[in-house]
Amino acid sequence: MVPNTGSYRLANARVHASLTPGFTTAFDSDGFALADIAVADGRISSINAHGRTAVPVDAIDLGGRIILPCFVDCHTHIDKGHIWPRKPNPDGTFMGALNATGADRAARWNAEDVARRMDFSLRSAYAHGTRALRTHLDSVAPQEEISWPVFETMRETWRGRIELQGACLIGIEGVRDKKWFDRLAKRVAAAKGVLGVVTYMVPDLEELLDHVFAQAIKHGLDLDFHADETDDIAAISLKKIAEAALWNGFEGNILVGHCCSLARQPDLDVLDTLDKVAKAGLAVVSLPMCNLYLQDRRGDHTTPRWRGVTLLHEMKTRGIPVAVASDNTRDPFYAYGDLDMLEVYRMATRILHFDHPVADWPQAVTATPAKVMRLDGFGTLATGGDADFIVFKGRSWTELLSRPESDRIVVRGGRAIDRQLPDYAELDELMVE
Ligand SMILES: [Zn+2]
């Protein structure tokens, strides 16, 4: 359907108001408008309202199919991905995930193992239409010395297909060993990465956060936190991070993931936290599929009664940038997943009510994470921008989000890519006990 010439015209494409900066026309109540898009030399050379200019006879009529810019996945763990067959989560709990992953990492994560699973994950993400991806890298000693060089090689190999960002991942208690942590921060800076930490409500949390911010300032690093991935209402590290950002005068980007406990806290506490998060300029990413899987799992034949996600609507109303992302794939933190951001958006729509109206929620998987990751021109369709987009079968939100859209066309640099997904059997030899 999309010619392999790199130069052509698409007629009757359905584009979304929130993802087409600079394109002004009358959008319908779902945010859609029909457009004619010219592609030349791998870039979008014009976007016009459908029928405003004469459509050449050789234009490809999309019949009102939806076109979205390629996805940006700002929170993943491709170093952990696909270990499930050899290391399942015994009970589906967060602690079960932590212990199983820790044991697998210590026993199995040599450079080849990490590289092959990472590459498998990236091929899936690419086939589904992802253009940029941030992964956390477990950086507990000695893993940082194994995974970071693998990541740097992978980033070069994938440049031009998927823009890769790495964030280190250690529990906040690891910051107590300042000499080691400062060395890690230096290593992350050398790799042009992001400084990442998992916060817990340890007694010295504020002091440790100050040290994390000091290192980020020293090396000019952005920050990325896993915070409050629990139903415990006493978990208020999101607020502590916001406070630390304010009193340290931090000017870089900060992305905070999860923030599950916020949804369980009393309204007044929530308002106070959100005020601080907005003032500190934090961005928040929710991981709806992982949260649904791990949160409110009580065992003993009980049914979960809580979706696990944080307060994205309240945050967005206050101007806090909000995103959703994949998180884990086929590892003890989430038994499923394939880095398909359409699946993430579909699930987010259902779990988090990204509908009625849809408004600008599509930015949560495109333009907003692109901004957080400092990727100019990613996550939008614009004249002069790269022709990196996905052509779906769906012509409306209900059509788009009702089927898996396995037959979507992913266009990169103006050309349709091969969307073959890697075969699970490729990893079989890594899964032998
Ligand atoms: Zn995560």
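Counting starts at 1 for both ligands and their atoms, following the listed order. Any value given below was found using the heavy atoms of this structure, including those in side chains, with hydrogens, waters and symmetry copies removed.
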Problem set entry | Test ring-ring contact (aromatic ring centres under 6.0 Å, His included) applied to W84 - qualifying residues, sequence neighbours left out | none
Exercise. Salt bridge between R374 and D376, side-chain N to carboxylate O under 4.0 Å?
Worked result: no
Exercise. Has H75 got an N, O or S atom lying less than 2.8 Å from the Zn ion (ligand 1)?
Worked result: yes
Exercise. Is it true that the NZ or CZ of R297 lies under 6.0 Å from the centre of Y293's six-membered ring and within 45 degrees of the ring axis?
Worked result: yes
Exercise. When you measure from the Zn ion (ligand 1) to each N, O or S atom of D327, which atom gives the shortest distance?
Worked result: OD1
For this session: Using only N, O or S atoms, tell me which atom of H226 is closest to the Zn ion (ligand 1).
Result: NE2
For this session: Check whether any N, O or S atom of H77, backbone or side chain, sits closer than 2.8 Å to the Zn ion (ligand 1).
Result: yes
Exercise. Under the 6.0 Å and 45° cation-pi test, does K316 pair with W361?
Worked result: yes
